[in-house]
Asker: 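Attaching a single structure in structure tokens format; questions to follow.
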Number of protein chains: 2
Amino acid sequence: MSRRGQPNVATPGRRQVILDAALACFEDTGVAATTIEQIRDRAGCSIGSLYHHFGGKEGVASALFIDGISDLNAGLLQRLDDCSNAEQGVRTCVLHYADWVTRQPELARFLVHAREINFAPEARAELKAIYQRHFGAVFTWFGRFVLRGDMKQLPPETYIPIISGPIEDYARQWLSGRTRTPLAEVAEVFADAAWNAVRAR
Amino acid sequence: MSRRGQPNVATPGRRQVILDAALACFEDTGVAATTIEQIRDRAGCSIGSLYHHFGGKEGVASALFIDGISDLNAGLLQRLDDCSNAEQGVRTCVLHYADWVTRQPELARFLVHAREINFAPEARAELKAIYQRHFGAVFTWFGRFVLRGDMKQLPPETYIPIISGPIEDYARQWLSGRTRTPLAEVAEVFADAAWNAVRAR
DNA sequence: ATTTAGATTAGAATTTGATTCTATAATATG
DNA sequence: CATATTATAGAATCAAATTCTAATCTAAAT
């Protein structure tokens with residue numbers, strides 16, 4: 001017997017199961033080194049199913065990446081809503097990143113190390129749109145404080161690196177184990193540094 | 001005729017030829033997507049030769065990475081020698097990085113996007129040693145200015161992210177084409193920001 | 001000058017992993 | 001309940017990585 005396929009019972013969450021399995025594999029083995037077979041095995045699905053949903057490893061990675069970035073971004077915008085001045089806003093950018101990375105280190109590790117993935121054109125386009133929307137909103141939020149003279153006037157493309165660069169760099173180190181001090185313990189230092197770097201004086 | 005191998009005339013520079021070919025391929029196709037065959041073809045060597053020298057794509061990448069980092073680090077230490085106060089030192093860290101990336105964008109692009117590579121244990125150990133030596137030297141250089149009270153006293157592991165994080169983040173954007181303004185045009189802004197973030201006040 | 005050991009090169013053979021393809025079953029829709 | 005669509009399975013195929021053996025070169029020793 002065992003002629004051909006014996007598809008499973010309906011598994012509506014199959015997509016998410018595969019994503020979770022993939023993240024776990026990436027965490028264990030590294031993105032580059034995990035094989036489709038490992039993901040398939042961990043997810044308990046067939047090759048066919050995996051390709052049906054995602055079209056390959058790159059597709060799985062894209063989906064994971066987009067989900068992660070979207071969550072990170074949405075959280076920041078939410079917290080900015082509660083801020084009422086430039087300093088609070090700047091500090092929130094830094095602290096939110098630290099919190100988010102601390103809360104989901106596996107996903108954060110993936111996001112950080114996935115920068116190099118060759119996303120397909122569609123995924124790239126979607127990401128570009130996400131970034132544009134997000135940074136558009138962030139700049140709108142901060143714009144008034146620059147105009148009002150609370151923050152230095154700088155070339156626009158330099159604000160994000162100045163404010164977020166340091167905490168992201170430190171997070172990368174922490175996530176890869178090169179540093180032990182938890183993010184929470186140094187986040188305030190980075191928040192201070194960011195504010196000192198952009199405040200009008 | 002053409003029974004077996006017909007090794008070439010001695011090619012002492014073979015190692016470097018392969019490294020150059022690899023960098024060119026990585027630049028064209030991306031690290032993940034270039035195949036051994038492409039590198040072999042561009043280098044004009046055999047598979048055997050490539051594996052003999054590097055043991056595979058990962059080995060080629062490691063060697064390239066270590067060479068690049070070493071050059072970057074050495075350049076900084078050299079330039080720090082000419083600095084005589086904390087502000088000069090901090091600014092030099094930023095400006096040197098900007099210069100270096102501008103001068104060899106291909107290598108820089110590789111370094112930045114190679115973070116995710118699964119280096120072999122030996123390569124990892126070598127890199128760790130390189131970093132320890134380098135950052136040891138850098139901390140020695142800056143230490144006196146912290147003691148003297150010219151710079152803020154901060155958790156030691158935060159200085160590098162604060163000073164170098166922003167320019168590295170911007171460089172990553174520039175290298176991947178998401179930003180047009182050349183590094184040289186914004187480097188001073190990042191140098192100012194770095195100094196403002198760490199100066200005693 | 002010969003011999004020998006180690007380093008370097010070559011490319012066929014093998015292995016491993018990615019991707020495609022066809023068949024089967026589940027689910028939804030009229 | 002017929003039909004279309006979606007989801008699943010896994011064998012077959014394809015492509016790339018890696019191994020392996022043989023040939024050639026280089027340099028040191030005699």
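All chains are named by letter (A, B, ...) in the order of the sequence lines, taking the proteins before the strands, and each is independently numbered beginning at 1.
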Asker: For A:Q104 and A:D71, test the side chains for any donor-to-acceptor distance below 3.5 angstrom and give the result as yes or no.
Answerer: yes
Asker: Please determine whether a side-chain nitrogen or oxygen atom of A:H53 lies at a distance below 4.0 Å from atom OP1 or OP2 of D:dT8.
Answerer: yes
Asker: Without decimals, in angstroms, what is the distance between A:L50 CG and D:dA7 P?
Answerer: 13 Å
Asker: If the threshold is 4.0 Å, N to carboxylate O, is there a salt bridge linking B:D192 and A:K152?
Answerer: no
Asker: Please state how far atom CD in A:E37 lies from atom C1' in C:dT19, giving the value in whole angstrom units.
Answerer: 14 Å
Asker: Provide, to the nearest angstrom, the distance between the CZ atom belonging to B:R40 and the P atom belonging to C:dT8.
Answerer: 20 Å
Asker: Under 4.0 Å: is that the gap between some side-chain N or O of B:R14 and OP1 or OP2 of C:dA10?
Answerer: yes
Asker: Against the six-membered ring of A:W174, is A:R172 placed for a cation-pi contact (under 6.0 Å from the centre, within 45° of the normal)?
Answerer: no
Asker: Rounded to whole Å, how long is the line connecting atom CD1 of B:I18 with atom C1' of C:dT8?
Answerer: 11 Å
Asker: Which whole-number value in Å describes the distance from A:Y51 OH to C:dA23 P?
Answerer: 21 Å
Asker: Please give, in whole Å, the distance from D:dA17 C1' to A:I36 CD1?
Answerer: 16 Å
Asker: Which residue is it: B:V94, B:L95, B:V101? I am looking for the one with a side chain to side chain contact (heavy atoms under 4.5 Å, CB included) to B:Y97.
Answerer: B:V101
Asker: Mapping A:T35 and A:G48 onto DNA chain C by nearest heavy atom, which one lands closer to the 5' end?
Answerer: A:T35
Asker: Roughly how many Å is it from NE2 in B:H52 to P in D:dA17, rounded to a whole number?
Answerer: 20 Å
Asker: For A:I39 and C:dT19, give me the distance from atom CD1 to atom P, rounded to whole Å.
Answerer: 11 Å
Asker: For the side chain of B:S46, starting at C-beta, report the closest nucleotide among D:dA9, C:dA10, C:dA18.
Answerer: C:dA10
Asker: Looking only at the side chain of A:I47 (C-beta and beyond, no hydrogens), which of the listed nucleotides C:dT20, D:dT18, C:dA10 gets closest?
Answerer: C:dT20
